[in-house]
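The structure appears right after this line, and notes come after that.
Computed from a prediction, not measured in an experiment: that's the story for all the values here. Order of the sequence lines sets the chain letters (A, B, ...), proteins ahead of strands, with each chain counted from 1.
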Number of protein chains: 2
Amino acid sequence: MNALPEAALDSLDTPAVVIDARKVEANLRRAQAYADRHGLKLRPHIKTHKMPHLAARQLALGAAGITCQKLGEAEVMADAGIADIFLPYNIIGAAKLARLAALKRKVKLSVTADSAVVVAGYASAFTDAAAPLAVLVECDTGMGRCGVTTPEAALDLARTIAAVPGLRFGGLMTFPATHRTAEARAFLERAIALLAAAGLPPAVISSGGTPDLYGAGEDAGIVNEYRPGTYVFSDRFQVAKGVGSYDDCALSVLATVVSRPTDGRAVIDAGSKALTSDLLGLDGYGYLPAYPDARIVSLSEEHGVIDFSASPRRPAIGERIHVIPNHVCPVVNLFDSVHFVEADGSIEEVPVAARGRVG
Amino acid sequence: MNALPEAALDSLDTPAVVIDARKVEANLRRAQAYADRHGLKLRPHIKTHKMPHLAARQLALGAAGITCQKLGEAEVMADAGIADIFLPYNIIGAAKLARLAALKRKVKLSVTADSAVVVAGYASAFTDAAAPLAVLVECDTGMGRCGVTTPEAALDLARTIAAVPGLRFGGLMTFPATHRTAEARAFLERAIALLAAAGLPPAVISSGGTPDLYGAGEDAGIVNEYRPGTYVFSDRFQVAKGVGSYDDCALSVLATVVSRPTDGRAVIDAGSKALTSDLLGLDGYGYLPAYPDARIVSLSEEHGVIDFSASPRRPAIGERIHVIPNHVCPVVNLFDSVHFVEADGSIEEVPVAARGRVG
């Protein structure tokens, strides 16, 4: 975080989300260059930033479109002028299907299904054979979340989709990346072969996840699209996974030390309502670049308790401390607005337009 | 949750926060009656609900005032007409002290300090000896968060406060409740004795926490004010702590089953951005009243993965399921609005006015 013009931050009250605009730009460019080099289409997942201006920047740098996890996020992005959106989610129920139909009239849209029930919903809402809705089949290549669980089931569902005049089979979608295991790769390879043999070659084969982004080239023979999200800001988890270093972390929560009850303990004004309780297997609730030996041992809702006993330096009451969160995506989702800091020290407060759009 | 008029909820899209208005009223009345019976002033903590109409209801039922954890929450409540606010937090820095001074011109205000540095800040911003700011001394009676760590330090800080013309020593504050341990009780008793001997008897001795609310009467000889928060809605953690039963849980997250990839697995459209990752030592990420044997085994940001293998009944895709969260306070803080359901099935959508006011 050493590059941030700290004096400029004095105008911000804490806790505040501070974003180094130069690091964001570098992170976006690095990923796009990697995707270009490996012949992969990049379709960034906006769940991390939830801000239309960053989606627009991702597209300007060469992204093929964006990914939104929820319909509500996609509506915000469409309203802001984003023209190509993929929803890797089963959209279910009359209310959401009506919203989905309205969204399709605005943007180039593709969605996901992992069951015939979901496809039947799409079929009820989309009946225009001249402009069918693209539906990708979600494949569970090892995560154990959503997705069909065999290549044969993927073929079956693709056939179900292709048989509906208002729909078209758009391809295959999985998460996380398939190059991580031989089983995942074998699943996709067999599904692709079955589909090709059935006359339904998948146009899009989409994978994702920032932890595996810079290995996605290994998948390039199988996968043709990649959906990273966290890479825009990075976080402590990504660094732990070997994706860059703390120097690539563009976002921090700026907090104030409000108490020093003992020599080794400090309390900051950022708790789980600013940092979330996400541990992701890490030790403690964030990383302090200015105090690498300190440990955020616990969070209440509005307090962060830090153990400085292993740190040669200790902060004073009133000192401001940057915290790089464990998991940046849900942190952004807690704040109505964030602060972009430019190299010249200018600060722009930007609303998190799609914050809380979980529906 | 059996009392909720489920058919009325069809109009809501998911995930949505649904609140049984009758249960809220019963929870508020029960706590107030308990406090009245034991001669304790109730000063509810609004961090749980963040809604002015509920703060007003708490006051109408007999609360002495409200508690807000952050200044931003207090500003929202003051703007809505709440007249008596306690901030059990160290307020630090010129920007916040200016806001605090503005707040004091609107409401009967009291705050907290646990160090001379914090008191010095208050002294710089409050100089009117005719209307001094009430400052309580926070005592760490065992939590290991903020607070002076000895009764002697409490006396020292009370003297520091009392020596400032624009401030007055308001009493002692601790969290959680002191009746839980003999040490905590002994700390407060000694501090009270020292203060009385020094001519600074504490007017307010304030304790808090819903888990210990219905034991607070044991403290009534020492403590005269109690600050429960979660009792308004209750949650899975409170039930685990023995505070009432699931029948007292007024708030649930209504979610839709979006996938049934295997016989034993279901995925709902509520993940950590709707339920938070708070575990609080519990097994799984929430309780399903309709499926008590099911277990929410993992949350992604927008997916909840449920293991139904121990459940004799299994849900269909599209079915709606209520989830009682582990920890209700940060859940409310994720949503811009929530839905109050009355006995007649009428639903009122209410903004969470102080959501995200962490500063």
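Using a 4.5 Å heavy-atom cutoff, the side chains of R227(A) and M173(A) are in contact. Proximity of I46(B) to T67(B): side-chain heavy atoms (C-beta onward) are nowhere separated by under 4.5 Å. In this structure, V118(B) and I91(B) have side chains that are not in contact, with every pair of non-hydrogen atoms separated by 4.5 Å or more.
Looking only at heavy-atom pairs under 4.5 Å with chain B, the residue among A94(A), A95(A), C146(A), P330(A) that has the most is C146(A). Between chain A and the residues D278(B), V297(B), L279(B), T276(B), the most heavy-atom pairs under 4.5 angstrom are made by D278(B). Highest contact tally toward chain B, considering only G147(A), G144(A), A16(A), is held by G144(A) [criterion: heavy-atom pairs under 4.5 Å]. Heavy-atom pairs under 4.5 Å with chain B were tallied for G93(A), S11(A), S277(A); the largest tally goes to S277(A). When C329(A), G356(A), S272(A) are compared by the number of non-hydrogen pairs under 4.5 Å with chain B, C329(A) comes out ahead.
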Worked check of salt bridge (charged side-chain N to carboxylate O under 4.0 Å, His left out) between D140(A) and R145(A): CA-CA 7 Å; D140(A) 181 1; R145(A) 195 169 69 181; over 6 Å; no
- request: Go through the steps to decide whether E73(A) and K50(A) satisfy the test salt bridge (charged side-chain N to carboxylate O under 4.0 Å, His left out), and finish with yes or no.
  value: CA-CA 7 Å; E73(A) 295 172 330; K50(A) 295 177 180 278; 2.5 Å; yes
- request: Could you check R357(B) against E75(B) for salt bridge (charged side-chain N to carboxylate O under 4.0 Å, His left out), going step by step and ending with a plain yes or no?
  value: CA-CA 9 Å; R357(B) 301 299 175 106; E75(B) 289 167 336; 5.7 Å; no
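For the atom pair NE2 (H339(A)) and CG (L9(A)), the distance works out to 10.0 Å, reported to the nearest 0.5 Å. Note that the CG atom of N326(B) and the CG atom of L282(B) stand 4.5 Å from one another [nearest 0.5 Å].
With a threshold of 4.5 angstrom between heavy atoms, E302(A) approaches chain B through its backbone and through its side chain. For V358(B), the parts lying under 4.5 angstrom from a heavy atom of chain A are both the backbone and the side chain. Contact of R355(B) with chain A is made through backbone and side chain together, with heavy-atom distances under 4.5 Å. In this structure, chain B has a heavy atom under 4.5 Å from the side chain of V267(A), while its backbone stays farther away. The contact between T14(B) and chain A is made by backbone and side chain atoms together, counting heavy-atom distances below 4.5 Å. Looking at D269(A), the atoms closer than 4.5 Å to chain B (heavy atoms on both sides) sit in the backbone and in the side chain alike. Contacts between R265(B) and chain A at a heavy-atom distance below 4.5 Å involve the side chain alone, from C-beta outward. Using a 4.5 Å cut-off between heavy atoms, S298(A) makes no contact with chain B at all. Using a 4.5 Å cut-off between heavy atoms, D336(B) contacts chain A through both its backbone and its side chain. Looking at K70(B), only its side chain comes within 4.5 Å of chain A, counting heavy atoms on both sides. Residue contact with chain A, scored on non-hydrogen atoms closer than 4.5 Å, involves the backbone and the side chain of L334(B) alike. For D114(B), the part sitting under 4.5 Å from any heavy atom of chain A is the side chain, from C-beta outward, and nothing else. Proximity to chain A (any heavy atom under 4.5 Å) is shown, for V148(B), by neither the backbone nor the side chain. Looking at Q69(B), only its side chain comes within 4.5 Å of chain A, counting heavy atoms on both sides. Using a 4.5 Å cut-off between heavy atoms, V257(B) touches chain A through its backbone atoms (N, CA, C, O) alone.
Note on ring orientation: taking the six-membered ring where Trp is involved, the planes of H303(B) and Y89(A) are tilted (angle from 30° to 60°).
A side-chain donor-acceptor contact under 3.5 Å links R260(A) to the backbone of P315(A).
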